2 protein chains.
Amino acid sequence: MSNIYLSIYRELAQQIEKGKWKTGGKLPSEKELSEHYGTSRETVRKALNLLSQNGYIQKIKGKGSFVLGFNRYDFPVSGLVGFKELLSKTKKSWKTYIHVLKPAISDPCISSQLGLKRPEPIWEVVRVREIDGEKIILDKDYFRQEYVPVLTEDVCKDSIYEYLEKKCSLPISFAKKVITIERMTEEDRQLLDHQEESYVAVVRNYVFLEDNTLFQYTESRHRPDKFRFVDFARRN
Amino acid sequence: MSNIYLSIYRELAQQIEKGKWKTGGKLPSEKELSEHYGTSRETVRKALNLLSQNGYIQKIKGKGSFVLGFNRYDFPVSGLVGFKELLSKTKKSWKTYIHVLKPAISDPCISSQLGLKRPEPIWEVVRVREIDGEKIILDKDYFRQEYVPVLTEDVCKDSIYEYLEKKCSLPISFAKKVITIERMTEEDRQLLDHQEESYVAVVRNYVFLEDNTLFQYTESRHRPDKFRFVDFARRN
DNA sequence: GAGTGGTCTAGACCACATC
DNA sequence: ATGTGGTCTAGACCACTCG
């Protein structure tokens with residue numbers, strides 16, 4: 001795929017991250033950019049709109065496009081991003097313990113979370129995430145086997161997302177996240193390092209494919225003192 | 001402002017909400033829509049992309065645009081949305097108590113949250129939100145007086161957002177939300193109905209104007225058992 | 001092959017900001 | 001008046017899906 005506007009977006013995004021354009025500074029005008037890239041203005045505009053949506057720039061009518069500069073490193077949480085990508089931009093040391101990795105038949109509770117009418121073969125993965133020597137996150141993943149025939153330990157130590165999207169080329173299309181605060185379960189207490197906390201922050205992630213079928217359900221249970229969710233929202 | 005693509009977006013969004021197009025059903029093709037609205041295909045595409053970004057539809061190459069159908073009523077939380085808009089789509093009864101509403105000089109803590117180098121005149125608003133007879137949310141708002149000269153009780157009982165954007169026509173451009181779990185303060189304990197909880201879910205909202213200045217800081221403190229944050233994320 | 005959405009173009013007019 | 005971004009057009013070619 002060529003995709004001019006995407007490559008312009010990536011180039012500009014990288015340049016902004018590397019500091020080629022100063023925070024608060026102005027990018028070249030749309031006309032100049034279209035001449036520089038030898039493309040049409042609408043195509044440049046698609047790239048700039050992507051930058052805007054992702055918090056890199058701010059467009060102001062009659063003035064120009066200005067580079068925003070607040071810490072982009074804690075942004076990636078909002079969106080379809082997994083644990084590995086989350087940590088890649090920080091310098092913390094981390095480790096993943098695979099506690100459970102097995103094929104199973106969905107019990108009524110999981111069936112309902114996956115929107116299944118009847119029990120079905122699934123993968124069940126339970127992982128504990130350790131950051132800076134503390135076990136802080138309990139990740140419980142459930143996939144429909146119909147879509148993921150093979151799942152190995154190596155994959156689970158890494159990013160499951162990457163594996164599903166790149167290796168299995170599953171058409172992941174959108175996800176819905178629901179964040180709640182819940183009482184610790186016995187399982188939380190056993191697997192996570194904790195002091196006297198009695199609550200955990202629970203992020204339930206429902207992942208849908210292009211045909212609108214729900215194929216993955218993930219429950220991410222965080223120790224409350226280490227939990228932090230960042231969201232970036234643009235008006236219009 | 002005419003803005004064809006926005007009006008097409010709103011019309012289709014309303015039709016979808018009213019059930020004119022069935023969940024899982026197909027919208028007319030882009031060609032048909034452009035003929036129906038007497039406009040170009042690119043313009044229709046802008047409307048459809050908006051629908052897609054807001055979770056109304058799912059576009060599939062070679063097939064068409066399909067109507068998604070999960071409960072849209074709990075979506076509005078993700079985005080720049082205030083308490084009043086949040087409740088408007090539900091049927092719960094609610095009430096707002098204004099606890100504090102006064103001009104003040106920003107103390108060091110607030111100055112730092114608002115990114116101010118030196119103390120500055122601000123508005124301080126503390127409100128308690130009651131839903132179904134229970135005091136559940138404590139909202140603490142801080143605005144720079146430079147931008148908001150007048151603030152009345154009536155405005156605070158309603159939506160401050162609406163007032164700022166429509167009445168004051170402040171160019172609100174984007175916001176950053178940070179969600180954390182924190183121990184209850186003495187103030188939380190006094191103002192909220194609670195049982196034995198010791199934690200609250202804190203949503204810190206930083207609102208920026210078009211010129212990239214931070215002008216509002218809001219702290220929304222929720223009783224954990226009633227807290228729920230929903231996020232919708234589309235891949236690409 | 002026909003229908004669909006995805007990308008791209010070259011130009012147009014508008015509203016807003018600046019001088 | 002000039003430069004900027006916002007909208008819109010009429011057409012083009014491509015990649016994908018489906019019969």
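Keep in mind that what you see is a predicted model, and the values were worked out from it rather than measured. Letters A, B, ... mirror the listed sequences (proteins, then strands); counts begin at 1.
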May I ask you to verify if any side-chain N or O of K31(A) is less than 4.0 angstrom from the OP1 or OP2 atom of dG3(D)? no
Examine dT4(C): is either OP1 or OP2 under 4.0 Å from a nitrogen or oxygen in the side chain of S29(B)? Give yes or no. yes
Any side-chain N or O of R45(B) below 4.0 angstrom from OP1/OP2 of dG6(C)? yes
Just how far, in rounded Å, is P of dA15(C) from CD1 of I60(A)? 20 Å
Flag the pair E35(A) and K31(A) as a salt bridge only when some basic side-chain nitrogen lies within less than 4.0 angstrom of an acidic carboxylate oxygen. yes
Would you say K59(B) reaches dG6(C)'s phosphate, i.e. side-chain N/O to OP1/OP2 under 4.0 Å? yes
How close or far is atom P of dT4(C) from atom CG of L27(B), stated in whole angstroms? 13 Å
Is there a side-chain contact between N3(B) and the phosphate of dC8(D), meaning an N or O under 4.0 Å from OP1 or OP2? yes
Please tell me if K63(B) has a side-chain N or O lying less than 4.0 Å from either OP1 or OP2 of dG5(C). no
Distance below 4.0 Å between Y5(A) side-chain N/O and dC8(C) OP1 or OP2: no
How many Å lie between CD on E35(B) and P on dG11(D), as a whole number? 12 Å
Is V67(A) close to K22(A) at the side-chain level, that is, under 4.5 Å between some pair of heavy atoms? no
Starting at CD of E30(A) and ending at P of dA17(C), how long is that distance when rounded to a whole Å? 16 Å
Integer-rounded Å distance: dC14(C) P and L6(B) CG: 19 Å
Between C1' on dG11(C) and CD on E42(A), what's the gap in Å once rounded to a whole number? 11 Å
Mind checking whether Y5(B) and N49(B) have side chains closer than 4.5 Å, heavy atoms only? no
Reckon I4(B) touches a base, only the sugar-phosphate, or nothing at all at heavy-atom distances under 4.0 Å? sugar-phosphate
With under 30° as parallel and over 60° as perpendicular, where do the rings of Y217(B) and Y206(B) fit, or are they tilted in between? tilted
When you measure from the side chain of K26(B), which nucleotide among dG5(D), dT4(C), dT7(C) comes out closest? dT4(C)
Between T43(A) and G62(A), name the one whose nearest nucleotide on DNA chain C is closer to the 5' end. T43(A)
Calculate the interatomic distance between L33(A) atom CG and dT4(D) atom P; express it in whole Å. 10 Å
Counting side-chain heavy atoms from C-beta on, which of dC8(D), dG5(C), dC8(C) comes nearest to T39(A)? dC8(C)
Test item: W21(A) and I57(A) side chains (from C-beta on) under 4.5 Å apart, heavy atoms: no
How many whole angstroms separate atom NZ of K46(A) from atom P of dG6(D)? 15 Å
